[in-house]
Amino acid sequence: MKPEYKFLRENIRNNLWNGIFWSIGFNFVTPFIGVLASRLGATNSDYALLSSVPALHTILIILPATMIIGRFRKQKRIIAGMILLCRFFYFLLVFIPYLHVSAITSLILLVGLYNAINSVIAVAWQSMMGEIIPHSYRNRVFAQRNIWTGLSGMVVAFIAGWGIDRIPFPYGYEVAFSIGFAASLIETWYFMRLRIPSEETMEYVQDKQKKELDNRKNLSLNWLTRYNLNQGRTYYLFCASAIVYIFAWQAAWPIYTKVKVDTLLASNTMMSIDTIAGAIGSLLGYRAWARIADYKGTGWTVFGSALMLGLTPFFWIYAPNMKWVYVYDFIGGIATAGFQQSVFNRLLEIVPENGRQRAIAIYTTLSQISAIFAPILGMKLFSYVSYDTCMALIGSVRILGSLCFLIILSPMLLKLARSVKQIKFDK
């Protein structure tokens, strides 16, 4: 029996509970960062920096951190320690309101550090999932995980928002952030219960060590060849398409936050309801997009979900109150569920096991480069043109980005890429 099948049932169960407690901690904290920033007097630039600074931190640490972690055969304990460090920022947020001089700056820096470390964790986690969950089980397993994390997050977000509004400022936030940190301790415990074949099965270890030895023999090759994976053309085209799309996707994030908090005067309870609306959309989307992926393939699912998500800024042109926002975020939840789930599965498809962690780190770094500038430019655009024009332009670029995902699925383009590659090597 293959090692991944030997531990499969146990890993699916522990991965599910790990996700549920991650969702509990996450939803006691992140839905209310925007409202907290408003209470601390955030400006347009501050809202943009809440999205841009995390991307900048991610770029600075993700590749070096991934390369260092990749040197260790047993990585689970290292990643568990990073999870604890990352979630400790939940607890540090408790002290933000008392920093009267630089509270908003401290909030931006803590959110940035949290997201950067979390990105390193995500790369390692994705690589681990590619090892412990066989390809034929992935759509079903991750759809189930996402459904349960969505359900638990929906309930938690409502309770947290309702509670924060009924406890005097800043004590409501302190209680919520402390509970979020406590949940992360259980999240880490379930992560440690995962069984990693490459760390436990000698046959698997010897095979992996052989692949690492083969890699060292290729150090004399040029940089591009070393980083050219077995299906390199598909991988690199996918990364390029993701940069275009993620730029337009994240450009609207600070605008959405500002509209909800400053224009529509959303309370913490309203933000909870909004989170629930998106979570319900995600719950419906995960299973539906998983079935579409099984039928049409993950490449087509990436395009379909990206196109649907690309249309949502046009809806936001008419946003007179939070009730309409609930509807838009419900639709966005369906689309985002499909996009995030299919992008993750698509990466595991096109990147072979040998070099998977490094390839995912490169993808994350490239996508985060656009994420640095997108929120800042999005808010600049919001400041210089009308709101309607801003949403229409962002939606148009998103649609263009989704078409890039479609174009790279074209057999003609892949054939052309193969021809160019062959000509290069013939020379």
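Just so you know, these numbers come straight off a predicted model, no measurement behind them.
Checked by atom type and distance alone, the side chain of S152 pairs as donor or acceptor with a backbone atom of W148 at under 3.5 Å. Not one N or O on the side chain of T30 forms a donor-acceptor pair closer than 3.5 Å with the backbone of N27. Judged by distance alone, the side chain of S102 and the main-chain N or O of T105 form no donor-acceptor pair under 3.5 Å. Looking only at distances, no side-chain donor or acceptor of R39 sits under 3.5 Å from a matching main-chain atom of V35. T66 places no side-chain N or O within 3.5 Å of a backbone atom of A361 that could act as its donor or acceptor partner. With hydrogens and angles disregarded, a donor-acceptor distance shorter than 3.5 Å links the side chain of S282 to the backbone of G333. Looking only at distances, no side-chain donor or acceptor of S184 sits under 3.5 Å from a matching main-chain atom of E187.
With salt bridges taken as basic N to acidic carboxylate O contacts below 4.0 Å, none links E199 and K76. At a threshold of 4.0 Å, the pair R195-E10 counts as salt-bridged, since one of the basic side-chain nitrogens sits closer than that to a carboxylate oxygen. We find that R138 and D294 are not joined by a salt bridge, their nearest charged nitrogen and carboxylate oxygen being 4.0 Å or further apart.
Taking the six-membered ring where the residue is Trp, F181 and F91 present tilted rings, their angle falling between 30° and 60°. Taking the six-membered ring where the residue is Trp, Y190 and W17 present parallel rings, their angle staying beneath 30° rather than reaching 60°. The aromatic rings of Y173 and F177 sit tilted relative to each other, their planes meeting at an angle between 30° and 60°. Ring orientation note: the planes of W324 and Y328 are tilted relative to one another, at an angle of 30° to 60°.
Annotation: side chain of P313 is not in contact with side chain of W316 (no heavy-atom distance under 4.5 Å). Here the side chains of I196 and K74 are not in contact, with every heavy-atom distance at 4.5 Å or above. Between I12 and Q144, some side-chain heavy-atom pair lies under the 4.5 Å cut-off. Contact annotation: the side chain of Y114 never approaches that of L92 to less than 4.5 Å [non-hydrogen atoms, C-beta and beyond]. With a 4.5 Å cut-off on side-chain heavy atoms, L265 and K260 do not count as touching. Between W289 and M308, the closest side-chain pair of non-hydrogen atoms falls below 4.5 Å. In this structure the side chain of P97 reaches within 4.5 angstrom of the side chain of F169, judged on heavy atoms. Side chains of I369 and I243 form no contact here, defined as non-hydrogen atoms less than 4.5 Å apart.
Exactly one of W300, F238, F303 qualifies for a ring pair (Phe, Tyr, Trp, His ring centres under 6.0 Å) with F405. That residue is F238. Residue I362 forms a side chain to side chain contact (heavy atoms under 4.5 Å, CB included) with just one option from T365, I360, L366, and that option is L366.
Between K258 atom NZ and T43 atom OG1 the span is 8.5 Å, to the nearest 0.5 Å. In this structure, CD1 on I394 lies 10.0 Å from OG1 on T312, to the nearest 0.5 angstrom. Interatomic distance, I108 CD1 to D46 CG, rounded to the nearest 0.5 Å: 4.5 Å. To the nearest 0.5 Å, atom OH of residue Y286 and atom OG1 of residue T336 are 8.5 Å apart. Expressed to the nearest 0.5 Å, how far OH of Y47 lies from OG of S38 amounts to 4.0 Å. Atom CH2 of W22 is separated from atom CD1 of I121 by 12.0 Å, given to the nearest 0.5 angstrom.
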Evaluate the side chain to side chain contact (heavy atoms under 4.5 Å, CB included) criterion for residues Y235 and L347: first the C-alpha distance (whole Å), next the side-chain angles of each, then the deciding distance (0.1 Å), finally the verdict. CA-CA 8 Å; Y235 169 74; L347 273 173; 4.3 Å; yes
Test log, rule ring pair (Phe, Tyr, Trp, His ring centres under 6.0 Å), inputs W125 and F344: CA-CA 11 Å; W125 181 83; F344 169 60; 5.6 Å; yes
Can S396 and F314 be said to form a side chain to side chain contact (heavy atoms under 4.5 Å, CB included), step by step? CA-CA 9 Å; S396 298; F314 294 99; 3.8 Å; yes
Going through the distances and angles, do M129 and N15 end up as a side chain to side chain contact (heavy atoms under 4.5 Å, CB included)? CA-CA 9 Å; M129 292 303 106; N15 186 48; 3.7 Å; yes
Please report the C-alpha distance between T269 and S272 in whole Å, then the side-chain angles of each, then the deciding distance to 0.1 Å, and finally whether the side-chain hydrogen bond (donor to acceptor under 3.5 Å, both in side chains) criterion is met. CA-CA 5 Å; T269 301; S272 296; 5.8 Å; no
For R287 and I147, what are the C-alpha separation, side-chain angles and deciding distance, and is it a side chain to side chain contact (heavy atoms under 4.5 Å, CB included)? CA-CA 8 Å; R287 185 62 62 86; I147 287 171; 3.5 Å; yes
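Of all heavy-atom pairs between A124 and I79, the closest is CB-CD1, 3.4 Å. Contact record, A279 with G150: CB-O, 3.9 Å, taken as the closest heavy-atom pair. Between G378 and I255, the shortest heavy-atom contact is O-CD1, 3.4 Å. Heavy-atom minimum distance, G19 versus R145: CA-NH2, 3.2 Å. Across I376 and S52, no two heavy atoms sit closer than the pair CG1-OG, 3.1 Å. When all heavy atoms are compared, the tightest approach of I117 to C86 is CG2-CB, 3.7 Å.
Within the 6.0 Å centre-distance limit, the rings of Y245 and F339 are counted as a close aromatic pair. Checked against the 6.0 Å centroid criterion, the rings of F28 and Y90 do not qualify as a close aromatic pair. Between F21 and W189, the distance separating the two ring centers is not shorter than 6.0 angstrom.
For the residue pair N118 / R87, a side-chain donor-acceptor distance below 3.5 Å is found, with atom types taken as modelled. No side-chain donor from either of R346 and T301 sits under 3.5 Å from a side-chain acceptor of the other. Checked by atom type, the side-chain pair R193/N18 shows no donor-acceptor distance below 3.5 Å. Checked by atom type, the side-chain pair N345/S342 shows no donor-acceptor distance below 3.5 Å.
In this structure, Y171 places its OH atom where only 12 or fewer heavy-atom neighbours from other residues, nucleotides or ligands lie under 6.0 Å away. Within 6.0 Å of atom CZ in R71, 12 or fewer heavy atoms from other residues, nucleotides or ligands are found, so the atom counts as exposed in its surroundings. Dense packing is recorded around OH of Y387, with more than 12 heavy atoms of other residues, nucleotides or ligands lying under 6.0 Å away.
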